[in-house]
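Heads up: numbering here begins at 1 and tracks the sequence.
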Amino acid sequence: MQESLNISKFLDLKKWKRLQDSLATVTKLAILTVDYKGIPVTSHSSCQAFCQNVRKDPELLPFCQKCDSRGGLEAVRLNAPYVYLCHFNIIDIAIPITVDDKYLGAVMAGQVKLSDPENGTDLEQIVSSPNKSSHLLKGNQLKAYYDDIPTMTYEEVVKISNMLFLLCNYIIEEALNKNLLVEMFEKAAGNDEALNLSTILPGYTIKNIESIKKEMTNAIADAYLKNTSSDMSICTNPIFKPAWDYIYNNKSENITLSHMAELCHISPSYFSRLFAKETGENFTTYLARLKVKWAKQLLEVTDMPVSQISNELGFNEPGYFIKIFKKFEEITPALYRKGYRENQGVS
C-alpha cells in the first residue's frame with residue numbers, strides 16, 4: 001500500500017520543486033519535501049546560511065536530522081502541522097501529506113525566529129544537545145548568520161502552517177485522482193475478465209472515484225460537443241458571464257437557477273427577470289432547449305445509449321430526458337437518431 005501511494009508517483013517533482021521555491025520566497029520559510037520514510041525527494045528551497053553551516057558540521061548534523069525525524073513523526077500522529085523548536089531554538093514546522101489517512105510524506109518548513117517569543121512559550125524543543133557548552137560555542141561562531149535569520153510572529157507561523165497543510169494535501173489529492181484514471185485503464189487493458197474494483201485499484205476508495213466522476217462525464221461530453229459562437233452571444237450582458245461559463249464547463253450537472261444567481265451575485269428573482277428580458281424565455285426553458293441541442297449532437301455523432309446521454313447532460317433519469325427531448329423535437333431521442341442516420345445514409 002505504501003508503495004502504491006509513493007509521493008514521487010503522483011507528483012512531477014520538477015514542477016513541485018518550482019512551486020516549493022515560490023512558496024519559500026513568498027512565506028520566507030525554508031522548505032524541503034520528504035517521503036514517508038523521511039528521505040528528501042527535493043532539495044532545500046531558501047535554506048538559511050546559518051542552517052546550511054550547521055548541517056555541514058558533522059557534530060551538529062545528527063541533531064538536525066533528529067529534529068526532522070521526530071517532527072515528522074509527531075505531525076503524522078497529529079495529522080496536522082506540528083510547530084516546534086529545533087536544537088538552536090529556531091522555529092521549524094512539519095506538515096504531513098496524507099491521502100485517506102495514509103501517510104505519503106511531509107513538507108518540512110521553517111528556519112525562522114519568533115518576533116514575539118512570549119507567544120511561543122508552549123513550543124517544544126524536541127531535541128537538545130547533552131553538551132550544551134560545546135553546542136553554544138558552535139552557535140556563537142555562526143552568530144552573524146543567526147542574526148540574519150528572518151523573523152515572523154507566532155500567529156503568522158500558525159497561519160502559514162495551516163495554509164501549507166491545506167495546499168499540499170489538496171495538490172496531492174488532485175494528483176491521486178488523475179493518476180487513478182491512468183492506473184485503472186492500464187490495468188484493465190488486455191484483461192478479458194470481469195473487472196473488480198479491489199483488484200484493479202488496490203488502495204483507492206469510493207471517495208477517490210466519486211471525486212473524478214464529474215470530471216469524467218464532463219470530459220466525455222466536451223469531447224463531442226461543439227459550442228458555436230451563437231450559443232453564448234444570445235445574451236451579451238456581462239452580469240451573466242459567470243453563469244454562462246459554468247453551464248458550458250459543467251454540462252453533466254443538473255444546474256439550478258438559484259446556483260446561477262449565486263454565481264452572478266444577484267438574487268434569484270432578479271436573475272430570472274433579467275434573464276427573460278435578455279433571452280426572451282425563462283431560464284429553465286432556455287437550459288432545457290440548450291441541453292436538447294447538445295443531446296442531438298451526441299445522438300448524431302456517437303453510439304452512446306440514450307440513458308448515457310441523459311447522464312452526460314445532467315438529467316435526473318432517462319425517462320425525464322426523453323420527455324424533455326420530445327417536448328422540443330416532437331420525437332423520441334431513439335427515433336431522432338434513426339432518422340438522422342437514414343438521411344445521412346449511415347446504417
Side-chain angles (χ1 to χ4, degrees), residues 17 20-21 23-97 105-165 168:
K17 180 57 166 61
Q20 179 181 286
D21 289 342
L23 288 172
T25 300
V26 170
T27 63
K28 299 193 297 183
L29 298 175
I31 303 178
L32 171 72
T33 305
V34 300
D35 66 13
Y36 70 94
K37 295 179 180 178
I39 300 172
V41 295
T42 68
S43 57
H44 254 112
S45 298
S46 301
C47 186
Q48 296 298 320
F50 176 84
C51 295
Q52 289 180 22
N53 281 277
V54 168
R55 288 177 178 267
K56 290 177 183 177
D57 189 312
E59 293 182 11
L60 297 178
L61 176 60
F63 293 102
C64 297
Q65 294 172 331
K66 287 180 181 178
C67 284
D68 291 344
S69 176
R70 293 182 186 179
L73 290 174
E74 186 64 17
V76 174
R77 186 184 70 81
L78 296 171
N79 192 27
Y82 178 59
V83 182
Y84 60 95
L85 297 172
C86 79
H87 53 109
F88 275 113
N89 283 316
I90 298 171
I91 294 289
D92 274 335
I93 310 160
I95 301 161
I97 299 174
V107 172
M108 310 301 295
Q111 298 184 10
V112 295
K113 296 181 293 188
L114 287 183
S115 60
D116 54 347
E118 66 277 5
N119 291 326
T121 54
D122 292 335
L123 295 179
E124 177 186 8
Q125 185 182 44
I126 58 175
V127 173
S128 61
S129 171
N131 191 342
K132 296 187 182 298
S133 59
S134 174
H135 212 72
L136 181 61
L137 178 62
K138 287 180 177 288
N140 287 336
Q141 292 172 348
L142 300 172
K143 186 178 184 304
Y145 293 127
Y146 184 86
D147 291 341
D148 287 338
I149 295 175
T151 62
M152 61 178 59
T153 66
Y154 179 69
E155 182 181 12
E156 288 174 326
V157 170
V158 172
K159 286 183 176 180
I160 291 174
S161 301
N162 291 331
M163 179 273 290
L164 290 175
F165 179 63
C168 294

| said: Is a donor from one side chain sitting under 3.5 angstrom from an acceptor on the other, for N119 and T121? | reply: no
| request: Measure the CZ-CD1 distance between F50 and I149 for me, rounded to the nearest 0.5 Å. | output: 5.5 Å
| message | Other residues, nucleotides and ligands only: do more than 12 of their heavy atoms fall within 6.0 Å of CG on N140? | response | yes
| task | Indicate the atoms forming the closest heavy-atom contact of Y145 with A49, along with that distance. | result | CD2-CB, 3.5 Å
| note | The reported gap from CG in L73 to CD1 in I126 (rounded to nearest 0.5 angstrom) is 9.0 Å
| task | Any chance you could measure S161, atom OG, to I91, atom CD1, to the nearest 0.5 Å? | result | 9.0 Å
| field | pair L114-L123: side-chain heavy atoms closer than 4.5 Å | value | yes
| remark: Between A75 and A94 the two heavy atoms that sit nearest each other are CB-O, 3.5 Å
| query | Does the pair Y82 and R70 meet the rule for a side-chain contact (heavy atoms from CB on, under 4.5 Å), with working shown? | reply | CA-CA 10 Å; Y82 178 59; R70 293 182 186 179; over 6 Å; no
| task | Can you measure from CG (L142) to CG (N53) and round to the nearest 0.5 angstrom? | result | 5.5 Å
| query | Does a donor on one side chain sit under 3.5 Å from an acceptor on the other, for D116 and T153? | reply | no
| message | Which residue is it: M108, Q52, R55? I am looking for the one with a side-chain contact (heavy atoms from CB on, under 4.5 Å) to H44. | response | R55
| message | Tell me if the centroids of the rings in Y146 and F88 come within less than 6.0 Å of each other. | response | no
| remark: The reported gap from CD in Q20 to SG in C168 (rounded to nearest 0.5 angstrom) is 8.5 Å
| said: Using a strict threshold of under 4.0 Å (side-chain N to carboxylate O), is an ion pair present between R77 and E74? | reply: yes
| In a check of side-chain contact (heavy atoms from CB on, under 4.5 Å) between V54 and each of H87, K138, Q48, which one passes? | H87
| said: Within the supplied structure, the quantity of interest is the number of heavy atoms (other residues, nucleotides, ligands) at a distance under 6.0 Å from E155 CD; does it exceed 12? | reply: no
| Residue K66 excluded, over 12 heavy atoms near NZ under 6.0 Å | no
| Value rounded to 0.5 Å, distance of OG1 in T27 from CD in E156 | 11.0 Å
| Got a donor-acceptor contact below 3.5 angstrom from the T42 side chain to the T33 backbone? | yes
| remark: All heavy atoms of F165 vs all of P81, minimum pair found to be CB-CG, 3.5 Å
